Amino acid sequence: MSFLVLYGEEYEEIKRILLQLKEETNSRIALIVEKNGQPIAFIGEVDGVDTTSLGSLVAGNVAATEGLARLLGEQGFSLIFDEGERENLHMTLIASKFILAVLFDKKTSLGLVRLRAKNAANRLEKVFKRLEEKMEQDKEKMGEGESPFEDISEEDIENLFK
Amino acid sequence: MALLNPRQKELICKIVYYGPGLGGKTTNLKYIFEHTSPMSRGELVTLNTQGDRTLYFDVLPLNLGTIKGYKIRFQLYTVPGQVFYSESRKIILRGVDGVVFVADSQQERMDANIESLEDLQENLRQYDYSFANLPYVLQLNKRDLPNIVPAEEMKKILVLKGEPVVEAVAIRGIGVMETLKEVSKLVLLKLKKEMK
């Protein structure tokens, strides 16, 4: 299947875990992106932040680091840390398919972010596993009703460009 | 891999602009960026070398509008065209929902077009993606230049599966939106089929 459905129940749980992580670490933004760059959920001070671009760049960063790992004969790097003058970015890989990223400043410490992110990643891994199982069992339904695109027409698509 | 979020009522798809170096992939994205309302798009992020060539990728988030109450959001990526950035191209292709191949119409670039097209197919094979089922559009760019190969001749060489072909002058915006429309149509109709 070439699409991923974020069912409502799991989506809310992902957001709850992100919110808890953000609050426990006193960080600015916690986000999840799929490894291919698709943004899944963002929590925190996202006003004025281009979250889609942030997600794409996080995914690009992780992908480049993975390439580097392969080149060095490593299986992969499970976490990546970028340190700035004001902002820092901590990225953790979840189940080799998703990335948990935490943006934080001087109000917190790397140690705390690292510890809490690891706990959150373990919980998120279970949610994503459940999501995949649900998709397998429930290929026909889209979680909250029938497929929204069942009866789209070429005209609907043409209208997007008018 | 498209992402469907019923709670947020949105669908997000990934489109990759592929093709030889200096063929006009970034120019396509720049035109779309400059001619779309800021409400309908995010920032155009470019990761360039000092010489202004694409080093890793460009990405432009675009909100196309709504269908059946769902917000349709596309992420447009370009790959670096230069031959030696093969690994980066492979990374960007991961999870792709549709590809636009931007071919350079100049006679001296035909070999580069063919080489890039073979590279695309090889990279798709490595991910076990089926080129036959991939929403795919061929754009013949730079049609305003004097030393170009006739469109019919280019089609004979580059068309691989009866895909839509758009003649373009991306720098002046000619054919850019039409290309995007064609690939959007193919991506959404494929998803419609898969979600049934």
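Here is how names work: the chains are called A, B, and so on, in the same order as the sequence lines, proteins then strands, and each is numbered from 1. All of these numbers come straight from a predicted model, not from anything done at the bench.
- Only the side chain of Ile72(B) comes within less than 4.5 Å of a heavy atom of chain A; its backbone N, CA, C and O stay farther away.
- The distance from the CG atom of Leu6(A) to the CD atom of Glu10(B) is 9.0 Å, given to the nearest 0.5 Å.
- Hydrophobic clustering, with ILVMFWY side chains joined whenever heavy atoms are under 4.5 angstrom apart, groups Ile12(B) together with Ile157(A).
- Connection of Val58(A) to Leu18(A) is not established within any shared hydrophobic cluster, with ILVMFWY side chains joined at heavy-atom distances below 4.5 Å, either directly or through further cluster members.
- Around atom NZ of Lys97(A), no more than 12 heavy atoms belonging to other residues, nucleotides or ligands sit under 6.0 Å away.
- Within the 4.5 angstrom heavy-atom criterion, only side-chain atoms of Glu87(B), from C-beta onward, approach chain A.
- When each of Ser153(A), Ala59(A), Gly37(A), Gly67(A) is scored by its heavy-atom pairs under 4.5 Å with chain B, the top score falls to Gly37(A).
- Of the inter-residue distances, the one linking Phe3(A) atom CZ with Met1(B) atom CE reads 10.5 Å to the nearest 0.5 angstrom.
- One finds the CD1 atom of Ile152(A) at 8.0 Å from the NZ atom of Lys68(B) (value rounded to the nearest 0.5 Å).
- Heavy-atom contacts from other residues, nucleotides or ligands closer than 6.0 Å to NZ of Lys35(A) number more than 12.
- Looking at Tyr77(B), the atoms closer than 4.5 Å to chain A (heavy atoms on both sides) all sit in the side chain, from C-beta outward.
- In plain terms, the two heavy atoms of Thr52(A) and Pro61(B) that are nearest each other are CG2-CB, 3.6 Å.
- Side-chain contact between Glu154(A) and Leu189(B): present, with at least one pair of heavy atoms (C-beta onward) separated by less than 4.5 Å.
- Shown here is Gln75(A), whose CD atom has no more than 12 heavy atoms of other residues, nucleotides or ligands within 6.0 Å.
- The stretch residues 159-185 of chain B places Met177(B), Leu180(B), Lys181(B), Ser184(B), Lys185(B) near chain A, each with some heavy atom under 4.5 Å from a heavy atom of that chain.
- Considering CG of Leu4(B) and OH of Tyr7(A), their distance stands at 9.0 Å, rounded to 0.5 Å.
- Summarising the local packing, CD of Glu34(B) is surrounded by more than 12 heavy atoms from other residues, nucleotides or ligands at distances under 6.0 Å.
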Open item on the list: Gln75(B) vs Ser56(A), test: side chain to side chain donor-acceptor pair (under 3.5 Å). Steps then yes/no.
Closed with: CA-CA 9 Å; Gln75(B) 294 197 72; Ser56(A) 304; 2.8 Å; yes
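- Under the 4.5 Å side-chain heavy-atom criterion for Ile, Leu, Val, Met, Phe, Trp and Tyr, Leu89(A) and Ile29(A) are members of the same hydrophobic cluster.
- Under the 4.5 Å side-chain heavy-atom criterion for Ile, Leu, Val, Met, Phe, Trp and Tyr, Leu93(A) and Met91(A) are members of the same hydrophobic cluster.
- Under the 4.5 Å side-chain heavy-atom criterion for grouping Ile, Leu, Val, Met, Phe, Trp and Tyr, Tyr127(B) is connected to Leu124(B) within one hydrophobic cluster.
- Using a 4.5 Å cut-off between heavy atoms, Asp156(A) touches chain B through backbone and side chain atoms alike.
- Around the CZ atom of Arg114(A), the shell of radius 6.0 Å holds no more than 12 heavy atoms that belong to other residues, nucleotides or ligands.
- In this structure, Asp50(A) contributes its side chain and Gly42(B) its backbone to no donor-acceptor pair below 3.5 Å.
- Neither the backbone nor the side chain of Ser88(B) comes within contact range of chain A, judged by heavy atoms closer than 4.5 Å.
- How far CG of Leu60(B) is from OG of Ser53(A): 8.0 Å, rounded to the nearest 0.5 Å.
- Atom CG of Leu160(A) and atom CG of Leu64(B) lie 5.5 Å apart (nearest 0.5 Å).
- Against chain A, the residues from residues 90-110 of chain B that qualify, each with a non-hydrogen atom under 4.5 angstrom away, are Ile91(B), Arg94(B), Gly95(B), Asp97(B) in number order.
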